[in-house]
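See structure below.
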Amino acid sequence: MTRSERHNLVTGLLFVSPWIVGFLLFTLYPVGASLFYSFCDYDVLSRPVWVGTLNFRDLAADTVFWKALSNTLIYAAFSLPLGLATSLFVAVLLNCDIRGRSIYRVLYFLPSLVPLVASSMIWLWIFNGKFGLLNYGLSLVGLPGPDWLGEQTWTKPALILSSVWGIGNSVVIYLAALQDVPTALYESAELDGAGFWRKLWHITIPMISPVIYFNLIMGIIGSLQVFAQPYVMFNGAAGGPNRSVLFYAVYLYENAFTYNQMGYACAMAWIQFLMILGLTWAATRLTRSHVHYGG
Amino acid sequence: MQKLTIPGRILVYLTVTAGALLFCTPFFWMMSTALKPIDQTMSMPPRWLPFRYEAMLDGRSSEVRLERRLDESALIVRETAGGARHLLPAGAVRDGQAEITDRNGGRRTAAVTVLGTVPAGPEAPWCVVSPAAAPAGSDAWTAIPAGELSRYISFRWKNFANAIRAMGDFPSYLKNTLLLCLLTVTGTVISSALAAYGFSRIEWKGRDKLFLVALATMMIPFPVVMVPLYCLFRALGLIGTLQPLWIGSFCAGAFNVFLLRQFFRTIPQSLSDAARIDGCSELQIFLRIILPMSKPAMLVVALFQFMGTWNDFLGPLLYLTDQKDFTLALGLQAFQSRQGGTEWNYLMAASAIVILPVILLFFFTQRTFIEGIATTGIKE
């Protein structure tokens with residue numbers, strides 16, 4: 001290593017030192033500790049006691065754990081495709097040559113800025129079984145509105161529906177990507193007589209596939225960690241009627257900070273981490289041949 | 001961009017407008033509820049706008065509460081025992097006895113005296129009104145012809161003041177939130193810019209490998225580190241203080257480093273080289289050349305961090321124990337769980353107060369914001 005190389009190494013490391021400190025203190029240490037705790041009986045007050053795979057075996061036998069896991073997966077399985085499709089649809093429409101696009105974009109984007117605690121309040125009110133706006137809307141078209149937040153059949157659909165309100169972020173990301181698709185492609189497709197849907201399927205979607213993939217991965221990571229909205233709307237660990245909206249992250253939080261079962265909670269966290277990695281890997285494998293990175 | 005035929009264009013306008021209206025409805029409904037008196041929030045069908053009702057009572061025009069509308073004639077009766085007045089359907093009284101439904105739904109048969117008839121009909125409805133100041137369910141109601149009731153759109157701005165008072169220690173919530181925003185924004189901008197500079201503008205051995213490690217840390221879900229972090233701050237005696245919520249921001253987060261690095265890489269290397277020949281140190285190049293050129297990117301990072309801190313719920317929930325230390329988001333949740341969802345007008349007013357600053361900030365920084373989000377979706 002020459003003198004200037006060594007000099008560069010030292011200055012470079014000095015510049016990135018805030019990140020290195022943060023990495024060691026707030027990532028590497030906690031990740032290691034959490035892995036260790038997941039094999040321990042630990043209640044914060046006394047020292048962690050090694051129990052081997054007991055936490056994981058207990059989890060396998062914990063019906064509430066399975067309930068929380070299936071609630072979360074069901075929520076993700078519906079809200080994720082719904083969000084991806086709706087935001088793409090809105091972005092494609094906004095990308096047509098219409099006036100006032102920036103105003104529409106703002107209107108669709110604004111809700112995604114709303115703090116989750118506040119939007120939870122609004123949804124509690126809109127889904128209210130007795131005086132709620134949604135049930136009024138349903139009654140206008142002659143449908144009887146259920147007690148959305150009080151019946152176990154309807155709690156998950158309510159949360160899934162309300163998640164669509166926050167698609168603004170992906171709409172903006174899609175719209176930026178759509179604006180980079182060369183117009184010439186559409187023009188030549190039009191010469192060949194392609195209509196709206198064929199252009200969408202054969203040009204638009206392949207051209208912005210990297211961004212769809214990005215939104216998909218972000219969606220997987222985000223929807224498996226949903227916490228604030230179910231926690232606020234259904235009073236924490238209660239998890240709504242028959243625990244129908246007890247989400248994974250909420251149950252994990254309760255294990256850690258209500259029951260002081262830190263080891264158990266860490267075991268849950270690691271299972272969650274592995275699930276996210278697994279799903280991301282699967283999504284990458286499945287979409288690999290459909291994601292095209294242009295030159 | 002796609003060209004459209006005329007019917008196609010109309011269809012697109014209709015769809016995006018309908019969607020946009022749907023997306024605005026929750027905001028509108030929040031504001032409308034926030035400005036209503038409590039009785040108007042609980043009406044079915046709901047009223048879109050807050051109203052003020054006035055009627056002549058005792059010869060004076062005064063504000064009243066509309067209890068209900070009568071489309072059929074009814075009997076005003078007085079219960080012999082207790083003297084409470086009730087409004088019953090015509091023909092409900094037999095031999096001085098009538099079945100009476102209580103407010104809570106219970107039914108009983110009681111002896112009554114008929115005081116009078118309300119001659120309401122489908123063509124000429126009547127209204128049951130109470131003085132606005134009378135408590136709900138009081139016996140002070142009167143029946144008047146619907147034509148004598150006047151209605152104005154009227155916003156109860158004082159609901160906001162009441163909501164602020166009902167939330168608990170609102171001034172502290174606001175102060176804590178702003179303080180945290182200030183500290184985390186400062187910390188993030190400084191530390192991420194330094195780290196991003198080190199990861200992009202200086203060549204050193206192992207740099208790109210270390211940056212890959214940084215990117216990989218973005219995959220780690222917060223729950224994995226949540227428990228050890230809590231234990232760490234507990235051991236340091238920081239639970240119940242604001243410190244755990246901002247200390248971390250001074251240690252550049254991978255996402256912000258990534259964003260800034262992307263931007264720094266677009267600045268020509270020749271600028272740095274020229275400065276180096278002139279004898280500038282890396283720190284001088286960073287401060288005098290790179291930073292001034294990167295204002296838009298720094299603003300994006302600052303805005304994202306501000307929003308993140310303002311909206312954060314889990315962090316304050318974990319670390320804050322005393323109400324005087326709460327942030328606005330946590331204070332709002334505490335308010336809701338305390339009052340159990342009954343005073344919807346105050347709850348919506350409180351929510352609006354938490355939302356409004358974010359919306360305002362967005363409108364002032366719209367361009368930067370939208371462009372910032374658009375770039376997060378673009379890979380290298």
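The analysis underlying the following values was restricted to heavy atoms, covering all of them including side chains, and did not include hydrogens, waters or symmetry mates.
- For the pair A:F26 and B:L229, the tightest heavy-atom approach, listed with the atom from each and the gap, is CD2-CD2, 3.6 Å.
- Contacts of B:A214 with chain A are made by both backbone and side-chain atoms, with heavy-atom separations under 4.5 Å.
- In this structure, A:V117 and B:F313 have side chains that are in contact, with non-hydrogen atoms separated by less than 4.5 Å.
- No part of B:S281 comes within reach of chain A, as not one of its non-hydrogen atoms sits under 4.5 angstrom from that chain.
- Taking every heavy atom of both residues into account, B:W310 and A:P115 meet most closely at CD1-CG, 4.0 Å.
- At a 4.5 Å heavy-atom cutoff, the contact between B:F199 and chain A is made by backbone and side-chain atoms alike.
- Expressed to the nearest 0.5 Å, how far CG of A:N128 lies from CE of B:M42 amounts to 8.0 Å.
- B:L317 touches chain A through backbone and side chain together, each having a heavy atom under 4.5 Å away.
- The shortest side-chain heavy-atom distance between B:F362 and A:V106 falls under the 4.5 Å cut-off.
- Heavy atoms closer than 4.5 Å to chain A are found in the side chain of B:R234, but not in its backbone.
- Distance check, rounded to the nearest 0.5 Å: CG of A:L107 to OG1 of B:T17 gives 9.5 Å.
- Only the side chain of A:L45 comes within contact range of chain B, judged by heavy atoms closer than 4.5 Å.
- Between B:F211 and A:W19, the gap from one ring centroid to the other reaches at least 6.0 Å.
- Using a 4.5 Å cut-off on side-chain heavy atoms (C-beta onward), A:L14 and B:E282 make no contact.
- Counting heavy atoms from C-beta outward, B:F27 and A:L110 have side chains that approach closer than 4.5 Å.
- A:P30 places none of its side-chain heavy atoms less than 4.5 Å from the side chain of B:V224.
- Heavy-atom pairs under 4.5 Å with chain A were tallied for B:A254, B:P45, B:S337; the largest tally goes to B:P45.
- Side chains of A:L116 and B:N311 form no contact here, defined as non-hydrogen atoms less than 4.5 Å apart.
- Taking 4.5 Å as the limit, some side-chain heavy atom of B:P46 sits within range of a side-chain heavy atom of A:L133.
- Taking CE of B:M218 as the reference point, atom CE of A:M218 lies at 6.5 Å (rounded to 0.5 Å).
- Not counting sequence neighbours, the partners of B:L194 by the side chain to side chain contact (heavy atoms under 4.5 Å, CB included) test are A:F15, A:P18, B:I190, B:F286.
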Residue pair B:W204, A:T11: steps toward the side chain to side chain contact (heavy atoms under 4.5 Å, CB included) verdict: CA-CA 9 Å; B:W204 45 280; A:T11 16; over 6 Å; no
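- At a 4.5 Å heavy-atom cutoff, B:I353 makes no contact with chain A through either its backbone or its side chain.
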Show me the side-chain donor-acceptor pairs of residues 222-236 of chain A shorter than 3.5 Å, one per line, residues at least two apart or across chains.
{"from": "A:S223", "atom 1": "OG", "to": "A:G219", "atom 2": "O", "distance (Å)": "2.8"}
{"from": "A:Q225", "atom 1": "NE2", "to": "A:I221", "atom 2": "O", "distance (Å)": "3.3"}
{"from": "A:Q229", "atom 1": "NE2", "to": "A:S162", "atom 2": "OG", "distance (Å)": "3.0"}

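- Proximity to chain A (any heavy atom under 4.5 Å) is shown, for B:F335, by neither the backbone nor the side chain.
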